[in-house]
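Following: one structure in structure tokens, then a few remarks.
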Amino acid sequence: MEGEAEKLYSVLTPIAKCFKKYKDFVSFNSVCTSWRAASSRENFQGLCLVQETPHLMISTEEEDFDLKFYSLMEEKVVAKVSLPEVKGKKCIESLGWLLVISSQTNMSLMNPFTSMKIELPSQRQFPSHHWVQTNEPYEFIQKMVLSSRPCQASNFVVMVLYGRSKFLGSWRYNEENWKMIEMSRSKEKNWTITQLRDEIFHDLTYCNGQFFAIDSRGSIWACNVTNLNPYQVKLFTYIPYHTNIFQYYIVESLDKLLVLACYKGEENWVPWGREYLVESNNQHWGKISYFELFEVDISSRTWRRINNLGGKALFIGRNSSLLVNASNALKIKANHIYYAGTSNWLHNGGAWVYNLEDKNLEPLERGNLINPMCPPIWISPFF
């Protein structure tokens with residue numbers, strides 16, 4: 001039997017190396033286990049092009065397929081994948097990997113393109129789980145960020161925002177339990193879980209060996225998990241805060257951080273620094289009336305307001321966000337915000353693209369993309 005498998009692999013490998021387009025390679029990958037084994041990342045000649053292109057991952061109710069992937073470059077769904085492990089479960093993305101959350105509090109990491117899977121401690125393994133648990137298990141984790149891809153490093157760390165108040169938690173590969181990150185505003189005082197009810201985190205990213213999280217008051221916290229045990233997060237810097245804030249997003253930008261502040265506009269509200277604000281000017285945005293962009297220099301811990309994204313595009317959503325270089329060839333537009341998620345932002349939810357210059361908002365994919373448990377998310381394929 002092993003000889004037949006090796007013979008089949010030797011036949012399929014040259015075929016896999018012929019594919020230049022991602023949609024063809026993923027279709028080849030999705031046939032069966034034997035074909036998937038031949039479609040390793042080393043055999044895909046168009047890999048570099050793919051890794052620069054975020055795809056929209058959509059949960060589907062089709063009988064034969066569980067996930068489909070929408071390509072910006074092709075402007076259509078280019079692949080459908082059968083992956084029973086994600087059926088009826090919530091998925092959160094980081095570095096091309098998914099955190100898969102079941103209704104029974106079980107969790108795992110999975111690469112949807114290779115089916116490589118790593119079991120994680122359940123939600124009940126979080127400190128004080130009974131105190132911070134949510135009404136539904138799939139709501140317990142709001143954001144997940146990896147320090148590195150599990151297939152590239154064995155000492156990777158998973159950082160999450162969890163619980164009703166979005167606390168910080170972490171898990172290092174092979175550890176038995178999740179850890180709650182201790183907060184420290186000074187050398188003298190650490191904050192316990194009961195003292196952190198006002199420190200609700202909005203978003204999380206990883207840059208230059210550290211995790212960075214931004215809370216509801218515009219404070220940015222840094223956590224270096226390489227040597228500290230237990231892990232401790234310290235106040236890094238802050239950006240201007242206003243009570244009209246609706247949502248912060250924070251993403252890595254080379255050696256800097258980019259923060260997108262989204263404000264609820266109330267009648268006659270005149271925000272500070274108005275010359276830097278971008279009005280949403282579109283009824284579809286619902287709760288969002290203004291955007292503001294900040295660039296944070298990590299070395300100096302200073303921030304400055306910026307007017308636009310320059311030659312980059314920002315991809316954001318309920319549980320995944322990233323900043324990428326714009327490209328005409330890949331049909332990624334400069335100075336645009338690509339949003340995917342539920343109706344928290346937009347009246348209709350789904351996937352949209354917003355032009356920061358002319359304030360035009362258009363649907364990215366007009367099909368039915370709404371799934372309450374697993375809304376559409378951005379994923380950067382890696383296999």
Side-chain angles (χ1 to χ4, degrees), residues 16 19 21-44 46-74 76-103 106-120 138 141 143-146 148-153 156 158 160 173 315 317-322 324 340-341 351 365 367 369 371 373-383:
F19 296 118
K21 288 189 175 182
Y22 169 63
K23 64 176 183 178
D24 297 329
F25 193 74
V26 169
S27 297
F28 181 87
N29 176 277
S30 305
V31 174
C32 64
T33 303
S34 299
W35 289 44
R36 185 173 296 152
S39 57
S40 63
R41 60 185 300 269
E42 291 81 7
N43 292 336
F44 183 36
L47 182 64
C48 294
L49 180 66
V50 172
Q51 288 184 331
E52 296 175 1
T53 311
H55 286 60
L56 192 65
M57 190 187 85
I58 307 161
S59 177
T60 175
E61 298 298 327
E62 296 181 30
E63 183 177 348
D64 297 328
F65 301 100
D66 305 299
L67 298 173
K68 56 184 179 180
F69 297 88
Y70 179 89
S71 166
L72 297 175
M73 184 168 58
E74 301 287 343
K76 64 181 181 180
V77 172
V78 296
K80 295 181 179 181
V81 177
S82 177
L83 203 63
E85 295 91 336
V86 305
K87 198 76 170 182
K89 299 176 183 178
K90 179 180 178 180
C91 296
I92 302 176
E93 189 270 354
S94 178
L95 299 179
W97 283 69
L98 300 177
L99 174 64
V100 182
I101 306 171
S102 77
S103 59
N106 296 322
M107 300 187 295
S108 62
L109 284 175
M110 173 176 286
N111 186 320
F113 302 98
T114 65
S115 295
M116 182 179 176
K117 185 177 180 180
I118 299 172
E119 295 295 338
L120 302 179
Y138 66 82
I141 305 291
K143 182 69 181 276
M144 180 273 293
V145 173
L146 293 169
S148 59
R149 293 183 177 92
C151 58
Q152 294 180 317
F156 68 92
V158 182
V160 297
Y173 183 58
F315 289 76
R318 183 181 180 186
N319 50 35
S320 57
S321 50
L322 67 157
V324 302
E365 211 279 343
L369 303 181
N371 184 319
M373 185 173 294
C374 189
I377 62 175
W378 299 111
I379 184 169
S380 300
F382 189 89
F383 44 89

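In this structure the side chain of K117 never reaches within 4.5 angstrom of the side chain of V100, judged on heavy atoms.
Shown here are the side chain to side chain contact (heavy atoms under 4.5 Å, CB included) partners of L146, two or more places apart in sequence or in another chain: S94, L95, W97, L109, M144, P150, F156, V158.
For the pair A153 and S148, the tightest heavy-atom approach, listed with the atom from each and the gap, is CB-OG, 3.4 Å. Nearest heavy atom pair, residue K143 against residue S321, reads NZ-OG, 3.3 Å. Here the closest heavy-atom approach between residue P112 and residue G96 is recorded as CD-O, 3.6 Å. When every heavy atom of I377 is checked against every heavy atom of C91, the shortest pair comes out as CD1-O, 3.8 Å.
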task: Step by step, work out the side-chain contact (heavy atoms from CB on, under 4.5 Å) result for I141 and M107.
output: CA-CA 10 Å; I141 305 291; M107 300 187 295; 3.8 Å; yes
message: Quick one, M110 with E85, criterion side-chain contact (heavy atoms from CB on, under 4.5 Å). Give me CA distance, side-chain angles, the key distance, then yes/no.
response: CA-CA 9 Å; M110 173 176 286; E85 295 91 336; 3.5 Å; yes
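Rounded to the nearest 0.5 Å, atoms SG (C151) and CE (M116) are 6.0 Å apart. Rounding to the nearest 0.5 Å gives a distance of 7.0 Å between CD1 of I379 and CG of N111. Atom CD1 of I101 sits about 11.0 Å away from atom NZ of K89, to the nearest 0.5 Å.
Judged by distance alone, the side chain of S320 and the main-chain N or O of W378 form a donor-acceptor pair under 3.5 Å.
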